[in-house]
Amino acid sequence: AQRVTQPEKLLSVFKGAPVELKCNYSYSGSPELFWYVQYSRQRLQLLLRHISRESIKGFTADLNKGETSFHLKKPFAQEEDSAMYYCALLSGGYQKVTFGIGTKLQVIP
Amino acid sequence: DVKVTQSSRYLVKRTGEKVFLECVQDMDHENMFWYRQDPGLGLRLIYFSYDVKMKEKGDIPEGYSVSREKKERFSLILESASTNQTSMYLCASSLSYGAFFGQGTRLTVV
């Protein structure tokens with residue numbers, strides 16, 4: 001069965017400091033991984049997906065199949081990055097999406 | 001721009017009531033999902049549907065059922081609401097490039 005693990009419930013960093021939100025996955029097939037973000041009082045939205053290898057709002061994430069990880073990184077945190085971040089795995093023929101428990105990022109001014 | 005709309009933002013229901021949560025998407029997506037979101041537990045999949053009248057159980061289907069009579073509409077049904085079903089419910093529709101979420105329904109069962 002697929003599983004997504006986000007080991008940190010809360011991550012606090014100072015503005016301008018680097019950010020790394022950790023995500024590990026367990027899946028026997030070829031994974032498709034995503035990061036979603038939920039800002040305060042807004043709906044959950046897609047941030048980025050590994051297959052597109054894009055950078056959104058300065059965030060990047062690299063899929064490491066050897067370590068089964070998909071960590072989200074940003075070199076310099078901004079206050080507006082404060083939000084809840086979810087790592088997600090797409091699996092199976094029905095495109096079932098499994099989420100981690102989420103990490104709350106708090107950027108301290 | 002994909003829009004996923006949930007019929008209610010807030011609901012308060014009594015224990016034992018039958019509760020319907022409605023979700024509509026406007027992008028002709030085949031796959032639709034219902035999750036509940038609880039602090040410390042993340043998003044947990046209740047049910048999903050990959051076509052009209054087709055449904056699959058997710059990770060926590062007990063106490064819930066679903067209905068998909070039309071492609072654009074996916075309903076979550078609480079047969080007999082209980083206090084432990086107090087939660088935020090999120091509907092989503094998806095293609096392989098990502099899922100699109102509704103604004104959520106905060107259900108309180110008293």
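All chains are named by letter (A, B, ...) in the order of the sequence lines, taking the proteins before the strands, and each is independently numbered beginning at 1.
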| field | Top contributor to chain B contacts, counting heavy-atom pairs under 4.5 Å, from A/Leu46, A/Val97, A/Leu44 | value | A/Leu44
| query | Does any heavy atom of chain A fall under 4.5 Å from the side chain of B/Asp38, the backbone, both, or neither of them? | reply | neither
| query | Is the B/Phe33 ring parallel, tilted or perpendicular to the B/Phe48 ring (thresholds 30°, 60°)? | reply | parallel
| message | Using a 3.5 Å distance criterion without hydrogens, assess whether the side chain of B/Trp34 forms a donor-acceptor pair with backbone atoms of B/Phe74. | response | yes
| said: As a quick check of understanding, evaluate salt bridge (Lys or Arg N to Asp or Glu O under 4.0 Å) for A/Arg49 and A/Glu32, giving each step before the final call. | reply: CA-CA 8 Å; A/Arg49 56 193 185 117; A/Glu32 285 193 58; 5.3 Å; no
| request: Find the one option among B/Gly40, B/Gly58, B/Ala92, B/Ser49 whose heavy-atom pairs under 4.5 Å with chain A are most numerous. | output: B/Gly40
| Can you say whether B/Leu43 sits under 4.5 Å from chain A via the side chain, the backbone, both, or neither, judging by heavy atoms? | both
| task | Could you tell me whether A/Lys74 and A/Asp81 make a salt bridge, using a distance below 4.0 angstrom between a side-chain N and a carboxylate O? | result | yes
